[in-house]
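Let me begin by presenting the structure, written as structure tokens, before commenting on it.
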Amino acid sequence: MRQPLLLGPLVLAALFLVPRGAHADDAPDASAARDAFREGVTLVGEQRWGDALAAFERAARVKQHGLTSYNMGIAERALGRLTRARVDFIQALDLDAKSNHTELPGSYAEDARGFLTEIETRLARVSVHLRNVDTKGTSLTIDGRPVAMDPTGRTRSLYAGITTEGVPLSNDFEVFVDPGARELVLHKEGFTPVATTERFKPGAYAEVNLSLVALDAAILVDSDLPGSVVRVGGLDMGVVPVSAKRPPGKYAVDVRSPGHVTYEVSVLLEPGGKSTVFAKLPKEPKEPYYVTKQWWFWTAAATVLVGTTVGVYLATRPPEPYDGGSTGWVAQQR
Amino acid sequence: MGRATALSVALGIAIAGCGDAERRPQLVVTTTTDLALPGQLEADPALSAAASIDRVRVEILGPDGATRESRDFVVRDLVNFPLTFGVAEANAGERIDVRVTGFRSHWANNTNGASPSLGVSVQRLVRTSITGIQKVDVVLRGDCIGRPADASAGTTCIDAARLSAPATDSDARGDVAPGQWDAARPRPCTGAARQDTICIPGGASAVGDPALVDVDRASDVIPAPPRMVLLAPYFLDRDEVTVADLRAVAARLPKLPALQSSDARCNYTTSPGANDREAVRCVAFETARALCRARGADLPTAAQWEHAARGRGRGSRYPWGDIAPTCCTAGLAGGTLGCRPKTAVGSYTDPSKCADTADVSIDGVVDLGGSVREWVLDSPVSFDGCIAEGIASDPLCNDASAGAGSTKGGSLSTPLEGATASMRRTGASIIDVGFRCAWADR
């Protein structure tokens, strides 16, 4: 592996020799940046790539420089974080191009391009399929970092492990992932997270299918009348208070007690959610006395009706038909 | 509500079960007959068709004799009897007459809406007033044929013992059933047939014709209303008496009227000749009768002649049936009438030569349709007014004021329709008149 050239002194010199404007207030920042860069270089010599990267990142926060980005790329690459290394190398080339190729020595630019080519061939290309998932609010993290759009803007591909902010997902997408064992975790509120460890070979094409299981929701039903009976979704749940877990969905809840008006409500349970129902059961109003609802009334009425009907029938019923014999004919003598 | 419903149903049943509806007063008339029905005639051709009915007419008459209601029932088979109908009460306690007539539509006067010919029909009158439910039996008996009920007198024929009884008298069906009337069956001859004679079985027969009730009085046709006759068996000459036949006995007949006439149409000769096989013509009634008596016979009566000529109860129009004659059927319509008939007796006996028609009766009597008109004993007057109503047994209409003798059948000189067997004419002209003799069955 090409080691970063210890150009720290040269860089410092470059930093001091570059004529500056009479900005006396830049001097403290520049000093911090030089100190951080120097520290990074020292750490690199000790192959303490993580610490060196941190020092370079401190320097870059003060002042971005192509060489700083290049060194960061070297450190990320040494750490095996190729997707980040790619971003750093592309930034180094961009900064160098903006400075009219004064920030990177020519060979370094060439090296950076070489590293990029190497990285492109070593990243794993993973096709992810989310099954039975409404992707709204869904996020996928790979080794703790959500997949994100290529920050360099050079492609519209998704990359893993670059940023801490994810992007909206579709049910099917591709993401470039550092080779090796990676932990993929699918998140969605109200669902049990799905985690899987996948091993990706360098430059390989892989497919991963992930699906989510909705979390049960909780429902609590109580009433102002002890002993009231609860039914949820048509099932008796016992007397209040009632606590139950149900799969997400819509449920009819009724609370009843003799002599009281039944309480009825429809409840929508969200995945992993919780609903509370409190039923107030007023007493049923007393029915006014209706004589028409008494059995003896209808008995008497039916008796009168039948008796009247039979009497009218007997008085007006048609007489027996005449006997017409075998011919069916009866002379009427008109 | 359940208790109310049960109580109401029980109450309704209890009330409805109390008492039946009152039945209205009416007559229930059950009619039967001992005459045959068309279905029975088909099954037993020996039965006389004249002794059958195929229609029953029921009439309801008011106290004034006016017909209040009338209805005809067609009866064809045993399934139609007994025939039952009802008569509703019109006015409480009012007298009504129920007149039931059984007749054969073949003998009805169809020009007047099928009015039954009462001379060959059986009629019964029931007179009553309706009180409650009354059941009445009416039996249309053959013995009552030709005896119409008299609504104005209130009389009716009930049976042979009560030929004219009050219409209020009751009857009983007993076991009377169609086809039981004895007279409907033929009565065969018991004696031996003489040479060239044919047995004519006796039995019931209808003579006359509804179309001959009213005739042109200017013609020589005698009115012949339908009448039922009952005949004993007899024998009839198979052929008409020929010229040779008459010559053979003429010598034994004293004081016979002149047999020979100068009219060229007459054919008698005292010597054998070409006319010997012809039916003798121009014969006076007395001569004909004398010859028959000399042979131990007599002239036939009109009823005997027609009984033999019309199929003994079948009521055929001609001796051979109902097919209209043509020139080849019988010796008819000669001269200017269009045919050239043969004159010898027995010239028209082969039906195969003339579309199944020949001048031969069902018993084999020849030349009843043509050749010569034939003398019969009866006076030249209608049976009505000469013979009493009802069934006439071996009738003979002998009206001295009208003279004796009349003629039946056609001749060489009559039109084809002259062969109509029901027709009877006077003997005013004897140019085409001959005869045959009839013997009693001994």
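Just so we're on the same page: letters track the sequence lines, and every chain starts at 1. Please read all numbers here as calculations on a predicted model, not as lab measurements.
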Would you indicate whether Arg131(A), at its atom CZ, is surrounded by more than 12 heavy atoms from other residues, nucleotides or ligands within a distance under 6.0 Å? yes

Using non-hydrogen atoms and a 4.5 Å limit, figure out which bit of Phe73(B) sits close to chain A: side chain, backbone, both or neither. side chain

Ser326(A) and Thr84(B) have their tightest heavy-atom pair at OG-N, 2.8 Å

Rounded distance (nearest 0.5 Å) linking atom CZ of Arg24(B) with atom CG of Asp323(A): 12.0 Å

Quick check for you: to the nearest 0.5 Å, what is the distance between Gln26(B) atom CD and Gln332(A) atom CD? 9.5 Å

Option in Ala331(A), Pro321(A), Gly325(A) with maximal non-hydrogen atom pairs under 4.5 Å from chain B: Ala331(A)

Is there a side-chain contact between Thr327(A) and Leu83(B), using heavy atoms and a 4.5 Å cut-off? yes

CZ (Arg199(A)) with more than 12 external heavy atoms under 6.0 Å: no

Does any heavy atom of chain A fall under 4.5 Å from the side chain of Ile133(B), the backbone, both, or neither of them? neither

From CA spacing to verdict: side chain to side chain contact (heavy atoms under 4.5 Å, CB included), Val58(B), Trp329(A): CA-CA 11 Å; Val58(B) 177; Trp329(A) 177 65; 3.7 Å; yes

Nearest heavy-atom neighbours spanning Tyr322(A) and Ala88(B): CZ-CB, 3.4 Å

Decide if atom CG of Asn171(A) counts as having more than 12 heavy atoms of other residues, nucleotides or ligands within a radius under 6.0 Å. yes

Is atom CD of Glu94(B) surrounded by more than 12 heavy atoms (other residues, nucleotides or ligands) closer than 6.0 Å? yes

Heavy-atom proximity to chain A below 4.5 Å, by part of Val28(B): side chain

